[in-house]
Each structure stands twice: as structure tokens, then as C-alpha cells.
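Here the structure is laid out as C-alpha cells; the discussion comes afterwards.
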Amino acid sequence: MSNEVRLIGTSQVIANIDKIEKQVLAHANILVQEAILETAFQAKWDAPVDMGGLMQSISVTYQKSKLEGTVSANAPYAPYVEFGTGGLVEVPKGFEELAEQFLGTFSRNINLPARPFLIPAALKEGEILQEQLAKLIQ
């Protein structure tokens with residue numbers, strides 16, 4: 001009598017697992033891309049408009065291999081609109097490091113209130129994406 005265990009069909013099981021993993025990854029890619037595009041759309045919608053330069057400066061990049069993307073506002077005044085200036089600066093919790101890059105680079109004599117457009121859009125879409133990804137992996 002031998003102490004042997006045989007697994008029959010393991011190659012099929014492994015192939016099915018690989019197939020499921022690829023399907024989940026492909027679906028996750030779609031969800032992330034949609035979230036990034038929706039973030040950009042919402043940021044453009046919420047951006048204060050004078051002549052439209054801020055809205056037009058919002059752009060998207062996406063790296064499928066890393067499942068990540070970036071939404072950025074490239075107008076030179078974008079951070080001052082987002083965070084405000086002078087004594088009216090408002091930095092949302094968790095974004096202090098980002099805001100520090102711009103503190104002190106604008107005249108302190110000008111007090112403009114924060115008119116956030118990018119961070120609220122990113123936070124909202126980030127929550128939705130987390131929920132969708134959690135459902136996907138269940």
C-alpha cells in the first residue's frame with residue numbers, strides 16, 4: 001500500500017485560475033480607467049471658469065501595466081484655485097504634502113478663497129472605485 005495522493009485535472013484547474021485572474025485584472029483595468037476619466041470629467045465640471053484655461057488644462061494619463069492613472073491640472077494657477085491663497089488657504093486632510101509645494105510661492109497680500117475642483121472629484125471617484133473593486137474580488 002502506498003501513501004500517494006493524486007490530483008487529477010490540476011492543469012485544468014490552474015488554467016481556469018489563470019483565466020479567472022486575467023478576467024478580473026481586465027475588469028479592474030476598465031474600472032480604474034473609468035474612475036480616472038470620471039474624475040477628470042467631474043474636475044472639469046467643477047473647475048471655476050473665467051476664460052476656460054483651468055478646465056482645458058485638466059488632463060489624464062493612464063498606465064495599464066500598473067493599474068494606475070493621473071488626473072492633473074496644468075494651469076500654473078491651478079493649485080492656488082484648489083487651495084486658496086494668503087489667509088484663506090484650505091488644505092484637506094491628507095493633502096498637506098501636496099499643498100506644501102505651493103505655500104509661500106504666491107503673494108501673501110492676495111487672499112483668494114479655496115475653490116477645490118480636483119481633490120473632491122478624486123475623493124468621490126476613489127470611494128466609488130474601492131467599492132467596485134471590492135465587489136469584483138468577492
Side-chain angles (χ1 to χ4, degrees):
M1 182 174 204
S2 81
N3 290 330
E4 189 175 278
V5 175
R6 283 191 183 187
L7 298 174
I8 299 172
T10 54
S11 61
Q12 290 174 331
V13 171
I14 291 170
N16 285 339
I17 290 171
D18 287 344
K19 183 178 178 182
I20 291 168
E21 182 180 316
K22 287 177 185 173
Q23 289 173 344
V24 168
L25 188 59
H27 194 78
N29 244 314
I30 291 168
L31 291 174
V32 172
Q33 285 180 6
E34 287 175 349
I36 291 167
L37 291 173
E38 186 60 33
T39 298
F41 174 79
Q42 192 62 51
K44 287 181 180 193
W45 183 264
D46 293 341
V49 178
D50 181 14
M51 305 219 15
L54 179 59
M55 184 178 64
Q56 291 174 4
S57 80
I58 296 172
S59 63
V60 173
T61 59
Y62 183 71
Q63 292 182 334
K64 184 176 180 179
S65 62
K66 293 184 179 183
L67 259 179
E68 69 180 33
T70 304
V71 179
S72 57
N74 300 315
Y77 51 89
Y80 309 110
V81 174
E82 185 77 32
F83 299 118
T85 62
L88 299 177
V89 170
E90 291 180 31
V91 180
K93 186 175 180 180
F95 293 90
E96 297 85 2
E97 190 175 318
L98 176 64
E100 281 179 15
Q101 300 174 60
F102 308 104
L103 294 178
T105 60
F106 199 76
S107 172
R108 298 238 181 235
N109 297 332
I110 300 174
N111 293 303
L112 297 173
R115 292 173 286 167
F117 60 97
L118 189 54
I119 291 173
L123 291 175
K124 177 183 172 191
E125 290 306 316
E127 285 180 20
I128 293 170
L129 177 61
Q130 285 181 345
E131 291 171 9
Q132 291 174 328
L133 291 174
K135 287 179 185 176
L136 178 63
I137 59 175
Q138 287 180 348

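Numbers here simply count residues along the sequence, with the first being 1.
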Nearest 0.5 Å, please: how far is CZ in F83 from CD in E96?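 Here the interatomic distance stands at 9.5 Å.
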Measure the CD1-CD distance between I58 and Q42 for me, rounded to the nearest 0.5 Å.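 Rounded to the nearest 0.5 Å, the CD1-CD separation comes to 10.5 Å.
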So do [Y] and [X] actually touch side chain to side chain, heavy atoms under 4.5 Å?
X	Y	answer
Q101	L98	yes
E82	P120	yes
Y62	N29	yes
L54	P48	yes

List the atom of A75, the atom of G53, and the distance in Å for their closest heavy-atom pair.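 That closest heavy-atom pairing would be CB-O, 4.5 Å.
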Minimum heavy-atom distance I36-G69, with the two atoms named: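 Taking I36 first and G69 second, the nearest heavy atoms are CD1-CA, 3.2 Å.
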Is there a path of hydrophobic side-chain contacts, each under 4.5 Å between heavy atoms, that joins [X] and [Y]?
X	Y	result
F41	L31	no
I119	V89	yes
L133	V24	yes
V81	V49	no
L37	I30	no

Is there a donor-acceptor contact under 3.5 Å linking the side chains of N74 and S59?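 Indeed, the side chains of N74 and S59 share at least one donor-acceptor pair under 3.5 Å.
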By the definition side-chain contact (heavy atoms from CB on, under 4.5 Å), identify the one residue from L123, V71, T70, V60 that meets it with T39.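 Of all the options given, the one that passes is V71.
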